[in-house]
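Structure record follows, encoded as structure tokens.
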Amino acid sequence: MTDIEYYVGVPDDPDDFEASSRALFPPKRRPMNDNPYDDFVAIDFETMSPQRTSACAIGMVRVIDGVIAQRFYSLINPIRDRDTEKELNFRIHGIPLAEAEKALDFSEMFRFVKDFIGTLPIVCHNRSVDILILERMMEYFGLSGIDTSNNICTYQLTGMSLVDCCKKFGIHLPNHHNALCDAEACARIYLHSIGLPIIEQATGSLKEIFSSKGSRTLDKEYRKKLDDSQISDKSTVFYGATVLITGVFESYPERNDLAKLLQSYGSKIVSSISKKTDLVIVGEGAGPKKLEKIYAMQAEGHPIRIILEPELRELL
């Protein structure tokens, strides 16, 4: 194998293209926004028995500025009790004891879990289960360093099960009782509750999914504001509103169809965010730059309302 020489910083000869292409620079830390609510870690556990000490899997999702920045999933070698061998919860999550016992126990992975959570609030969908599991395992192994009192329960916020929340808010839950899948669903529920849809990370596969769902194009004819005489119902939130549409929608795969409908209610459809924007209709795969600008303008005091697809369907 040929040795490769790397440069830290700028090479001595700036015209040396080959050296410049291998120059390495320290990671750049982007400053966080001022919103104290969109930074958290969502967590979920699965257990081998009814005992809260019997965790056999953990899923965590770290959300920073409303964006999923990191995911973590691992099986856990469970603390044993008299029901461990019975695998009473196998029918729920499908994790065999023989597989879980090959994993690290909680004390061995605790340092990473603690670093992953840091000082962020812990969000879970039933604190009487997940927070208690975390506390019981820390107590068993004599561990400390995670503030379990700094938690938010999405079950208490919504009064609904995880499955019912996902159905109501249009959140995809492909593998219920997988700890990582449930943790991510919990994160989405919480963000929905504070009016901040998750910004999807742009990858090739996601782009293919989004492009297959429908068209993002918008014909000019639907950007015109109709005369009042052409509007039959002026009682909706869309009447007289300047509206931006971003992302794709399951109920309205063609953006022109949605724009035409909003236009018929008296909306003026625009293609970019501004101080005049009243409503932003947000679908799956919404533009990250647009959402970041919206959040920044909201922080500056502009009353821009974000409407997600479930609420949109109710309003229409």
Side-chain angles (χ1 to χ4, degrees), residues 40-50 52 54-63 66-78 87-104 106 109 112-113 116-117 122-134 137 152-155 157-158 160-193 197-210 212-213 247-250 283-286 308-310:
F40 59 89
V41 170
I43 192 169
D44 183 80
F45 289 100
E46 298 298 328
T47 59
M48 191 60 67
S49 79
R52 296 298 187 234
S54 68
C56 59
I58 180 175
M60 296 188 294
V61 173
R62 186 180 176 95
V63 177
V67 179
I68 291 182
Q70 199 171 8
R71 294 175 174 88
F72 174 80
Y73 174 81
S74 178
L75 294 180
I76 302 173
N77 192 341
E87 299 180 286
L88 296 177
N89 291 344
F90 172 79
R91 60 184 177 81
I92 298 174
H93 50 60
I95 301 172
L97 177 61
E99 291 185 9
E101 288 183 335
K102 297 174 184 177
L104 300 176
F106 188 72
M109 68 176 69
F112 180 79
V113 174
F116 193 98
I117 296 173
I122 301 172
V123 175
C124 58
H125 198 78
N126 197 343
R127 74 181 74 189
S128 65
V129 175
D130 294 295
I131 296 299
L132 189 57
I133 289 172
L134 181 56
M137 291 196 298
I152 300 164
C153 179
T154 51
Y155 175 72
L157 288 176
T158 63
M160 295 183 291
S161 70
L162 190 74
V163 172
D164 288 342
C165 282
C166 290
K167 287 180 180 178
K168 180 174 181 178
F169 303 142
I171 296 169
H172 190 41
L173 185 65
N175 191 9
H176 186 30
H177 292 302
N178 171 280
L180 181 58
C181 181
D182 287 358
E184 183 163 339
C186 178
R188 292 175 179 272
I189 291 167
Y190 177 63
L191 285 170
H192 183 278
S193 74
I198 276 187
I199 301 174
E200 294 288 357
Q201 299 303 306
T203 65
S205 59
L206 281 176
K207 286 181 179 178
E208 291 172 3
I209 291 171
F210 295 149
S212 68
K213 284 188 175 181
V248 293
F249 303 85
E250 183 179 348
E284 193 171 4
L308 305 183
E309 185 167 2

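Keep in mind that the numbers below use all heavy atoms, side chains included, and drop hydrogens, waters and symmetry copies.
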Report the distance from atom [atom1] of [X] to atom [atom2] of [Y], rounding to the nearest 0.5 Å.
X	Y	atom1	atom2	result
Asp130	Glu46	CG	CD	8.5 Å
Ser161	Lys167	OG	NZ	8.0 Å
Ile95	Asn89	CD1	CG	9.5 Å
Ile171	Cys186	CD1	SG	9.5 Å
His177	Arg91	NE2	CZ	9.5 Å
Cys165	Arg188	SG	CZ	14.0 Å

I'd like to know if the side chain of Arg71 and the backbone of Leu180 have a donor-acceptor N/O pair within less than 3.5 Å. no
Report yes or no: does His125 contribute a side-chain atom to a donor-acceptor pair with the main-chain N or O of Asp44 at less than 3.5 Å? no
List in chain and number order the residues that pass side chain to side chain contact (heavy atoms under 4.5 Å, CB included) with Glu101, two or more places apart in sequence or in another chain; answer none if no residue qualifies. Asn77, Arg80, Leu97
Please enumerate all residues that pass side chain to side chain contact (heavy atoms under 4.5 Å, CB included) together with His176, with sequence neighbours excluded.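 By the side chain to side chain contact (heavy atoms under 4.5 Å, CB included) rule, His176 matches Leu162, Val163, Leu173, Asp182.
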Checking ring-ring contact (aromatic ring centres under 6.0 Å, His included) between Tyr190 and each of Phe169, Phe40, Tyr155, which is the one that passes?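 Only match with Tyr190 under ring-ring contact (aromatic ring centres under 6.0 Å, His included): Phe40.
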Side chain to side chain, Ile58 and Met109, heavy atoms closer than 4.5 Å: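 Of all side-chain heavy-atom pairs linking Met109 with Ile58, at least one is under 4.5 Å.
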Any side-chain heavy-atom pair of Ile131 and Cys124 under 4.5 Å: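 Yes - at least one pair of side-chain heavy atoms lies under 4.5 Å apart.
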